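Please read all numbers here as calculations on a predicted model, not as lab measurements. Just so it is clear, the values below take in all heavy atoms, side chains as well, and ignore hydrogens, waters and symmetry mates.
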Amino acid sequence: MINVNDKAPEFNILTDIGNFSLKENLGKNIILFFFPKADTTGCTKQAKSFSDFKNEYDNLNTLIIGISRDNQLKQIKFKEKYGLTCILGSDIDNEVCTKYNVWVEKSMYGKKYMGIQRSTFLIDKNGLVSYKWDKVKIPGHAEDVLQKVKDLQI
């Protein structure tokens, strides 16, 4: 399990804009949010809410990257369809989801299956987990994360 103040697990992932490495982005805060599936109602609301605050995050030296198991092409189409401004990572092999402990057993209508738990991690410029949110509820979440980033600046 990853806890606050732990070193964030390193990852290198293919995104809609090319490769993204946590190590290569040290010196910036990183919002790492995991979502179950591109172009679904909840995931679209989640990605749009982070995109709505992109300028504020940029002013706070903060990158936003969303990760799901969708392939790069689907992430690109998702981003273009909704005008999203966050980076979208493709974790097809489930490596990053596993490292961050968001690949979990879920249940719907009594049927159990494995899937991504909607979660967010705020990684500070030194690569430490400053905050984490498990089982994220979308309304107000991007605003809450933004406030935590602002708190890091103090």
Side-chain angles (χ1 to χ4, degrees), residues 1-70 75-76 78-91 94-106 114-154:
M1 181 187 307
I2 298 171
N3 295 306
V4 171
N5 295 322
D6 284 352
K7 184 174 177 136
E10 173 56 38
F11 66 91
N12 187 2
I13 194 168
L14 184 61
T15 73
D16 62 294
I17 59 170
N19 283 321
F20 181 94
S21 163
L22 180 63
K23 186 170 145 183
E24 291 175 4
N25 286 283
L26 289 178
K28 298 178 183 177
N29 300 310
I30 297 172
I31 304 298
L32 181 61
F33 73 95
F34 291 89
F35 61 99
K37 190 167 178 60
D39 206 5
T40 57
T41 304
C43 297
T44 300
K45 287 178 185 176
Q46 182 180 22
K48 284 177 79 173
S49 67
F50 278 114
S51 291
D52 288 346
F53 292 100
K54 184 179 186 316
N55 289 337
E56 290 182 65
Y57 283 117
D58 285 348
N59 290 336
L60 296 167
N61 193 31
T62 302
L63 295 175
I64 309 163
I65 178 168
I67 295 177
S68 73
R69 294 194 63 209
D70 298 294
Q75 298 289 35
I76 290 168
F78 179 45
K79 188 170 187 171
E80 289 173 353
K81 182 176 180 179
Y82 295 100
L84 303 174
T85 57
C86 47
I87 300 166
L88 296 176
S90 179
D91 189 25
N94 207 28
E95 185 178 316
V96 182
C97 291
T98 300
K99 283 183 179 183
Y100 280 82
N101 301 308
V102 300
W103 185 250
V104 299
E105 183 176 80
K106 298 171 117 181
M114 296 300 289
I116 294 176
Q117 176 178 282
R118 196 179 306 276
S119 305
T120 303
F121 297 82
L122 170 52
I123 302 168
D124 72 14
K125 62 186 178 182
N126 299 309
L128 299 177
V129 176
S130 294
Y131 296 93
K132 75 174 195 170
W133 295 261
D134 296 319
K135 299 180 182 176
V136 166
K137 302 294 182 212
I138 298 164
H141 179 63
E143 295 91 332
D144 184 34
V145 174
L146 180 61
Q147 185 56 55
K148 297 298 186 197
V149 174
K150 289 177 180 178
D151 293 346
L152 285 181
Q153 309 301 312
I154 296 173

* Would you sort out whether L60 and L146 count as a side-chain contact (heavy atoms from CB on, under 4.5 Å), showing the intermediate values? => CA-CA 9 Å; L60 296 167; L146 180 61; 3.8 Å; yes

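- Once rounded to the nearest 0.5 Å, the distance linking CZ of F35 with NZ of K45 reads 16.0 Å.
- Under the 3.5 Å distance criterion, the side-chain polar atoms of N61 are matched with a main-chain donor or acceptor of G27.
- Contact record, Y100 with P9: OH-O, 2.7 Å, taken as the closest heavy-atom pair.
- Atom CD of E24 sits in a sparse spot, with 12 or fewer heavy atoms from other residues, nucleotides or ligands closer than 6.0 Å.
- Residues A47 and F33 come closest through the heavy atom pair CA-CZ, 4.1 Å.
- For the residue pair Y82/D39, the side-chain donor-acceptor check at 3.5 Å is satisfied.
- The main-chain N or O of D134 is never found under 3.5 Å from a side-chain atom of Q117 such that the two would form a donor-acceptor pair.
- Between I64 and F53, every side-chain heavy-atom pair lies at or beyond the 4.5 Å cut-off.
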* Show your working on side-chain contact (heavy atoms from CB on, under 4.5 Å) between F50 and T120 and close with a plain yes or no. => CA-CA 11 Å; F50 278 114; T120 303; 4.3 Å; yes

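- The local environment of CE in M114 is crowded, with over 12 non-hydrogen atoms from other residues, nucleotides or ligands closer than 6.0 Å.
- Judged by distance alone, with hydrogens and angles left aside, the side-chain atoms of D124 form a donor-acceptor pair with the main-chain N or O of N126 at under 3.5 Å.
- Under a cut-off of 6.0 angstrom, the local environment of NZ in K99 is crowded, with over 12 non-hydrogen atoms contributed by other residues, nucleotides or ligands.
- The minimum heavy-atom distance between I138 and G42, with the atom names listed, is CD1-O, 3.0 Å.
- Taking both residues in full, the closest heavy atoms of I116 and P36 are given as O-CG, 3.6 Å, listed atom of the first, atom of the second, then distance.
- Nearest heavy-atom pair across K79 and I87 is NZ-CA, 4.2 Å.
- Each of D16, T15, V96 was evaluated against I65; a single residue qualifies, T15, per the side-chain contact (heavy atoms from CB on, under 4.5 Å) test.
- With rounding to the nearest 0.5 Å, the separation of CD1 in I76 from OG in S90 is 9.5 Å.
- Electrostatic pairing of K48 and D52 does not count as a salt bridge here, judged by no charged N lying under 4.0 Å from a carboxylate O.
- For the pair K132 (side chain) and N3 (backbone), a donor-acceptor distance under 3.5 Å is absent.
- A heavy-atom distance below 4.5 Å is not found between the side chains of F78 and D70.
- One side chain, Q75 or S68, offers a donor N or O that lies under 3.5 Å from an acceptor on the other.
- The aromatic rings of W133 and H141 sit perpendicular to each other, their planes meeting at more than 60°, with 30° as the lower class boundary.
- With rounding to the nearest 0.5 angstrom, the CG atom of D6 is 10.0 Å from the CZ atom of F121.
- In this structure, K7 contributes its side chain and G127 its backbone to no donor-acceptor pair below 3.5 Å.
- The CG atom of L128 sits 9.5 Å away from atom CG of L26, with the distance rounded to the nearest 0.5 Å.
- With contacts defined as side-chain heavy-atom distances shorter than 4.5 Å, the pair L122/L152 qualifies.
- Looking at heavy atoms from C-beta onward, S21 lies in side-chain contact with E10 at the 4.5 angstrom threshold.
- Between T62 and E56, the side chains place no donor N or O within less than 3.5 Å of an acceptor N or O (distance only, hydrogens not considered).
- Looking only at distances, no side-chain donor or acceptor of S51 sits under 3.5 Å from a matching main-chain atom of L84.
- Listed for the S130 side chain is no donor-acceptor partner under 3.5 Å among the backbone atoms of I123.
- Remark: N25 CG to F20 CZ distance equals 4.0 Å, nearest 0.5 Å.
- Summarising the geometry, atom CZ belonging to F34 is positioned 12.0 Å from atom CH2 belonging to W103; distances are rounded to the nearest 0.5 Å.
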